[in-house]
There are 2 protein chains.
Amino acid sequence: MKFKNHLEKFIDVNDEQLAFILPYFKRLEVPKKQNLMEAGQRCHSHYFVLEGCLRKFFIDDKGVEQTTEFAIENWWMTDHRAFENEESTDFYIQAVENSVVLTISYSSQEQLMVEMPIMERYFRKVYQRAFAALQMKIKYNFTYSKEEYFHHFNAHYPAFVQRVPQYLLASFLGLTPEYLSEIRNKKRS
Amino acid sequence: MKFKNHLEKFIDVNDEQLAFILPYFKRLEVPKKQNLMEAGQRCHSHYFVLEGCLRKFFIDDKGVEQTTEFAIENWWMTDHRAFENEESTDFYIQAVENSVVLTISYSSQEQLMVEMPIMERYFRKVYQRAFAALQMKIKYNFTYSKEEYFHHFNAHYPAFVQRVPQYLLASFLGLTPEYLSEIRNKKRS
DNA sequence: CGCGACGTTGATTTGCCTCAACGATTGTGG
DNA sequence: CCACAATCGTTGAGGCAAATCAACGTCGCG
């Protein structure tokens with residue numbers, strides 16, 4: 001089972017423990033373009049992607065969707081600020097492809113960690129890794145121009161670049177679709 | 001004791017537990033301008049600021065110092081990518097003021113979490129909070145122009161803006177000292 | 001087949017950087 | 001306690017990366 005394989009990358013877990021853990025989660029199938037979370041609502045859930053791809057975006061004051069994050073298989077996603085404070089969010093989470101996710105509520109996640117120390121350990125490692133990844137991303141903002149950032153990203157995650165539409169990728173990289181197009185076609189020179 | 005007060009914001013800890021925890025850490029006094037970590041070295045330590053202020057920076061390909069992060073009282077700091085993989089870092093960590101810090105090595109931190117589940121919980125919460133904060137920061141990058149970002153930051157952390165020299169603040173905010181100066185003096189119009 | 005979503009191209013504009021020069025302030029040695 | 005240098009902040013001229021705006025081509029889908 002996929003989720004067990006994922007957990008085992010971080011902790012040792014036997015079938016008995018797994019049977020205890022699973023009921024805390026709910027499995028959800030989300031068709032492409034459907035929203036899992038919407039701005040203005042309470043942020044109830046933390047989502048884990050089993051299959052497919054999600055994106056998180058907000059709508060800026062000019063009415064443009066700004067995609068700040070993608071999640072593919074084996075990644076967690078939510079608006080963490082809102083999730084942890086159980087407040088309302090400014091983000092949308094939307095399926096980029098037909099997807100299958102696990103969801104867990106804040107209180108369930110907290111309770112699970114209390115009852116199962118290995119899950120406390122699991123989430124500690126997940127957050128630690130995610131934090132380190134975000135720090136890297138912030139460093140890239142200082143290091144690269146937008147053009148360089150695209151080339152870097154394209155070199156590291158070529159499969160992902162193929163996988164999502166270009167205008168979403170552009171938004172995620174913090175540039176306009178027009179400029180991304182220009183960059184890509186510049187290569188020929 | 002300061003560190004105990006800090007821990008108690010996240011977990012319940014009695015004196016006996018504290019006595020067990022403390023030996024894992026080393027106390028260090030760092031005079032202003034001194035480096036705790038240097039690019040090219042192995043990243044051995046995670047630093048917790050008891051007093052004073054640290055900054056983390058790297059040197060870009062033009063030779064300019066880019067400050068990516070500050071840490072004041074009750075914040076942790078290290079190059080997490082390098083720390084977790086016990087690799088060499090590209091960052092410097094330098095005292096902005098005369099400072100007092102606690103340090104812990106990667107292996108000690110891991111061992112502490114194994115031996116004391118409450119510390120696993122503590123670090124889980126710390127990473128979780130830090131991760132949420134970084135996600136906010138990334139959202140700001142999409143939301144604000146550099147000028148707006150400065151005003152936002154200045155409105156939220158006026159004391160901190162006073163506390164550090166302007167050219168470090170400029171670097172941290174991702175703009176040049178010249179442009180920050182221009183922004184600040186524009187207000188009069 | 002026609003419409004809407006997506007990608008491209010080019011002209012123009014702008015936010016912010018670069019470079020250079022100049023005050024102000026600080027600290028340091030004589 | 002004063003000169004002198006170094007560090008830091010300011011100002012302005014000029015330039016560039018990337019955005020904006022508008023128009024058009026293309027493809028997939030109902």
Side-chain angles (χ1 to χ4, degrees), chain A residues 31-35 53 55 57 59-68 70 92 94-98 140-154 160-189, chain B residues 31-35 53 55 57 59-68 70 92 94-98 140-154 160-189:
Chain A
K32 184 171 171 173
K33 293 277 180 184
Q34 184 170 306
N35 289 340
C53 177
R55 72 181 177 113
F57 67 93
I59 303 201
D60 69 17
D61 33 339
K62 289 174 194 154
V64 180
E65 292 182 1
Q66 299 288 354
T67 297
T68 62
F70 287 104
Y92 297 79
Q94 187 179 81
V96 177
E97 307 167 353
N98 295 328
Y140 293 146
N141 287 167
F142 283 87
T143 309
Y144 297 125
S145 69
K146 306 234 161 164
E147 183 173 355
E148 289 166 337
Y149 189 38
F150 164 71
H151 289 312
H152 173 88
F153 193 84
N154 193 38
F160 185 76
V161 171
Q162 300 294 76
R163 191 167 166 180
V164 300
Q166 212 165 301
Y167 72 104
L168 292 183
L169 183 67
S171 176
F172 173 69
L173 295 176
L175 39 77
T176 58
E178 293 94 328
Y179 190 52
L180 179 54
S181 175
E182 188 184 328
I183 287 169
R184 297 187 64 147
N185 297 78
K186 198 189 279 186
K187 279 189 172 176
R188 298 175 193 143
S189 62
Chain B
K32 185 172 170 171
K33 294 274 179 188
Q34 184 170 306
N35 290 341
C53 178
R55 72 181 176 114
F57 66 96
I59 303 201
D60 69 17
D61 34 338
K62 289 175 194 155
V64 180
E65 292 181 2
Q66 299 288 353
T67 297
T68 62
F70 287 103
Y92 297 79
Q94 188 179 79
V96 176
E97 306 167 353
N98 295 328
Y140 294 146
N141 286 167
F142 283 88
T143 310
Y144 297 125
S145 69
K146 306 234 161 163
E147 182 172 355
E148 290 167 337
Y149 188 39
F150 164 72
H151 290 312
H152 173 88
F153 193 84
N154 193 38
F160 185 76
V161 171
Q162 301 293 78
R163 190 167 168 181
V164 300
Q166 212 165 302
Y167 72 104
L168 292 184
L169 184 67
S171 175
F172 172 69
L173 295 175
L175 37 78
T176 59
E178 294 95 330
Y179 190 52
L180 179 54
S181 176
E182 188 185 328
I183 287 168
R184 296 188 64 148
N185 297 78
K186 198 188 278 188
K187 279 189 171 174
R188 297 173 192 146
S189 59

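Reckoned from all heavy atoms, side chains included, excluding hydrogens, waters and symmetry mates. Sequence lines set the chain letters: A, B, ... in the order given, protein chains first and strands last, and positions in each chain run from 1.
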Novice: Checking A:Val161 now: which residues fulfil side chain to side chain contact (heavy atoms under 4.5 Å, CB included) with it, not counting sequence neighbours?
Specialist: A:Phe153, A:Asn154, A:Leu169, A:Arg184
Novice: If you look at every heavy atom in A:Ser181 and A:Gln166, which pair is closest and at what distance?
Specialist: CA-NE2, 4.0 Å
Novice: Would a 4.5 Å heavy-atom cut-off, applied to side chains only, mark B:Leu173 and B:Lys146 as touching?
Specialist: no
Novice: Would you please name every residue forming a side chain to side chain contact (heavy atoms under 4.5 Å, CB included) with B:Lys33, sequence neighbours left out?
Specialist: B:Tyr167
Novice: Tell me: CG of A:Leu169 to P of C:dT8, nearest whole Å?
Specialist: 12 Å
Novice: Where do A:Tyr144 and A:Glu148 come nearest, in terms of heavy atoms and distance?
Specialist: CA-OE1, 3.4 Å
Novice: With axes from five pairs an end, tell me the bend angle of the helix from C:dC1-D:dG30 to C:dC22-D:dG9, nearest 10°.
Specialist: 40°
Novice: Measure the distance from CD on B:Gln166 to C1' on C:dT26 and round it to the nearest whole Å.
Specialist: 16 Å
Novice: Output yes when a side-chain donor or acceptor of A:Asn98 lies under 3.5 Å from a complementary backbone atom of A:Lys32, and no otherwise.
Specialist: yes
Novice: For A:Glu178, which residues count as a side chain to side chain contact (heavy atoms under 4.5 Å, CB included) partner, sequence neighbours excluded?
Specialist: A:Thr176
Novice: Atom CG of A:Asp60 to atom P of D:dA19: distance rounded to whole Å?
Specialist: 13 Å
Novice: Would you check if A:Leu168 and A:Phe70 make a side-chain contact, meaning some heavy-atom pair closer than 4.5 Å?
Specialist: yes
Novice: Are any protein N/O atoms closer than 3.5 Å to N/O atoms in nucleotides 23-30 of chain D? If there are, list each pair with its distance.
Specialist:
none

Novice: What heavy-atom pair brings B:Thr67 and B:Ser171 nearest, and what distance separates the two atoms?
Specialist: N-OG, 2.7 Å
Novice: To the nearest Å, how far apart are B:Lys186 NZ and D:dT11 P?
Specialist: 13 Å
Novice: Can a salt bridge be assigned to the pair B:Arg55 and B:Glu97 using a cut-off of 4.0 Å between side-chain N and carboxylate O?
Specialist: no
Novice: Just the rounded figure in Å: distance from C1' of C:dG7 to CG of A:Asn185.
Specialist: 9 Å
Novice: Reading nucleotides 13-22 of chain C 5' to 3', which nucleotides get B (base under 4.0 Å from a protein heavy atom), which S (sugar-phosphate only), which -?
Specialist: --SSSBB---
Novice: So which heavy atom on B:Phe160 is nearest to which on B:Cys53, and how close?
Specialist: CE1-SG, 4.3 Å
